[in-house]
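Inspection log for the structure reproduced underneath, given as structure tokens.
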Amino acid sequence: MQDVTSGTDLLALVPLYIAVEPRDPRGEGARTEDAIEHVPAATVEEVAGVLTQLGIPAEMIDGTHIGAPGWVIARTVGWSDGRIVRWAPDENPANGPYPTLSCDDVATYLSRAIDVACRVGEELEIPSDASADHGLGIVIEQRSGAVVGRLRSTEAPQLAHLMESDLWFAQIDGTSIVAAVDPGADLEPVATSASATPTVGLERNGPWRRIGLMRGRAVVAAHEWGPRWKHLDPSEGVAPTDGVMTLVHEYFDTPVGDVGEFARTLDLTDSQTRALQTLFDDTEADDPFTAVMRLLGLPVEAAEVAEGWLDPAELPDVRRVESQPFVQAMWSSLTTVPTEPGRINDLQRLWIYRPRAYWLLSIAEAVAAGGAAAILLRPGAQRGSTSRTALGWACAAAAVVTVADMALPRRWRGLEPR
């Protein structure tokens with residue numbers, strides 16, 4: 001039999017955006033007396049009709065809802081090599097589990113079908129109303145965010161290692177705020193780290209805002225504010241639950257927050273729970289992150305960072321934590337001076353700064369361990385007793401480790417630049 005192989009296993013599913021430009025030529029330069037004053041922009045229905053012909057399941061939105069009137073935007077799923085998945089039950093897939101069309105073919109077909117320019121890609125920047133005055137634009141899939149919780153200061157190097165990217169770490173009134181140095185970095189590894197206490201993740205993605213509640217490594221609940229997308233079913237009701245349709249629509253599933261989970265996890269009062277429900281029900285909330293932070297008693301600076309209004313480098317007492325290999329990250333955690341109270345943190349500060357008490361305790365430990373080893377390992381005392389010998393060598397090892405620890409230089413303990 002013929003060997004048919006597929007390179008799909010080497011690819012990843014990615015979101016792909018289709019942006020149809022306005023057809024209005026005004027403002028593009030000098031016009032003659034015979035020039036057309038206005039050409040109506042393409043409509044969602046027109047674009048949906050073409051995508052239906054192509055068999056592309058998608059979610060669509062009128063650009064007016066996101067500050068880009070005249071534009072029509074659709075989002076779908078494709079492979080990372082630029083192929084968009086399709087619903088085409090009469091076709092056999094040539095590469096992968098679903099029939100596909102290249103992004104270039106989709107853009108060309110759309111342009112010819114409705115006589116309008118079209119862009120397709122993983123990231124799209126389209127002009128906004130303010131672009132002429134401020135040079136701004138709306139960037140679909142532009143991420144900024146922050147993670148808020150009781151993360152310990154000594155965990156920061158491990159979090160940077162998990163994220164594989166440098167991060168900013170600050171604490172305000174005992175609450176930690178973590179943000180990525182690269183605004184486009186994904187903070188999910190930080191939000192879902194094995195924290196003993198709940199963490200709240202805030203993410204702004206263009207005009208959409210999402211909040212997630214995490215405990216341990218699990219996402220307990222999530223909610224999203226922002227313009228709503230319209231589902232496009234190219235089967236026109238014939239196969240709305242077909243695999244490719246489910247794939248696309250579940251990929252972009254909009255989370256609706258379970259207020260009960262928030263209340264139970266964060267021990268909210270009845271009044272706080274009702275206020276949070278009201279906030280979740282407000283689909284046009286202007287500044288939901290700030291409202292949630294105030295409601296939960298968390299620093300509003302986290303909301304400002306997540307919105308992109310505040311540079312995380314400007315947070316009070318913030319420090320930049322570099323991403324390092326695992327072993328270096330663990331050592332950095334050990335040599336990070338804790339900022340929280342607690343006996344374990346007191347011992348770590350004692351070990352790093354080494355006041356007189358440290359030397360007294362270490363010298364006493366070294367003398368005691370060395371003396372015990374000398375007694376237990378003296379000739380004749382260890383004869384016939386395996387456990388006595390093992391204990392003696394353990395005491396000797398403890399004495400050597402204590403002496404070596406006392407000789408550890410300041411630079412290795414993080415008190416001087418490495």
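Computed over heavy atoms, backbone and side chain alike; hydrogens, waters and symmetry mates excluded.
- Looking only at distances, no side-chain donor or acceptor of Gln158 sits under 3.5 Å from a matching main-chain atom of Met330.
- Of the possible polar contacts, one joining the Ser144 side chain to the Ala306 backbone as a donor-acceptor pair under 3.5 Å is found.
- Judged purely by atom type and a 3.5 angstrom limit, Asn345 uses its side chain to pair as donor or acceptor with the backbone of Glu340.
- Here the side chain of Ser153 pairs a donor or acceptor atom with the backbone of Thr339 at under 3.5 angstrom.
- Under a 3.5 Å cut-off, the side chain of Arg354 and the backbone N or O of Trp351 do form a donor-acceptor pair.
- Side-chain contact check for Leu51 versus Leu110: some heavy-atom pair is nearer than 4.5 Å.
- Between Trp208 and Trp229, the ring-plane angle classifies as parallel under the 30° and 60° cut-offs.
- Of the possible donor and acceptor atoms, one in the side chain of Trp331 sits under 3.5 Å from a partner among the backbone N and O of Trp412.
- Test Glu203, Glu224, His223 against Arg210 for side chain to side chain donor-acceptor pair (under 3.5 Å) and you get one pass: Glu224.
- With hydrogens and angles disregarded, no donor-acceptor distance shorter than 3.5 Å links the side chain of Thr108 to the backbone of Asp105.
- For the pair Glu307 and Arg204, the tightest heavy-atom approach, listed with the atom from each and the gap, is OE1-NH1, 2.7 Å.
- Arg150 places no side-chain N or O within 3.5 Å of a backbone atom of Pro198 that could act as its donor or acceptor partner.
- In terms of heavy-atom proximity, His249 sits nearest to Leu232 at NE2-O, 3.5 Å.
- Screening Val148, Leu315, Thr290 for a side-chain contact (heavy atoms from CB on, under 4.5 Å) with Glu301, the sole residue that qualifies is Leu315.
- Phe252 CZ: more than 12 foreign heavy atoms inside a 6.0 Å radius.
- Judged by distance alone, the side chain of Ser333 and the main-chain N or O of Thr154 form a donor-acceptor pair under 3.5 Å.
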Open item on the list: Please determine whether salt bridge (charged side-chain N to carboxylate O under 4.0 Å, His left out) holds for the pair Asp287 and Arg294, giving the CA-CA distance in whole Å, both sets of side-chain angles, and the decisive distance to 0.1 Å.
Closed with: CA-CA 11 Å; Asp287 185 11; Arg294 287 175 177 162; over 6 Å; no

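- Between Pro234 and Leu54 there is no side-chain heavy-atom pair separated by less than 4.5 Å.
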TODO: For Ser235 and Asp233, run side-chain hydrogen bond (donor to acceptor under 3.5 Å, both in side chains): C-alpha distance rounded to whole Å, both residues' side-chain angles, the deciding distance at 0.1 Å, then the answer.
DONE: CA-CA 5 Å; Ser235 75; Asp233 173 12; 2.6 Å; yes

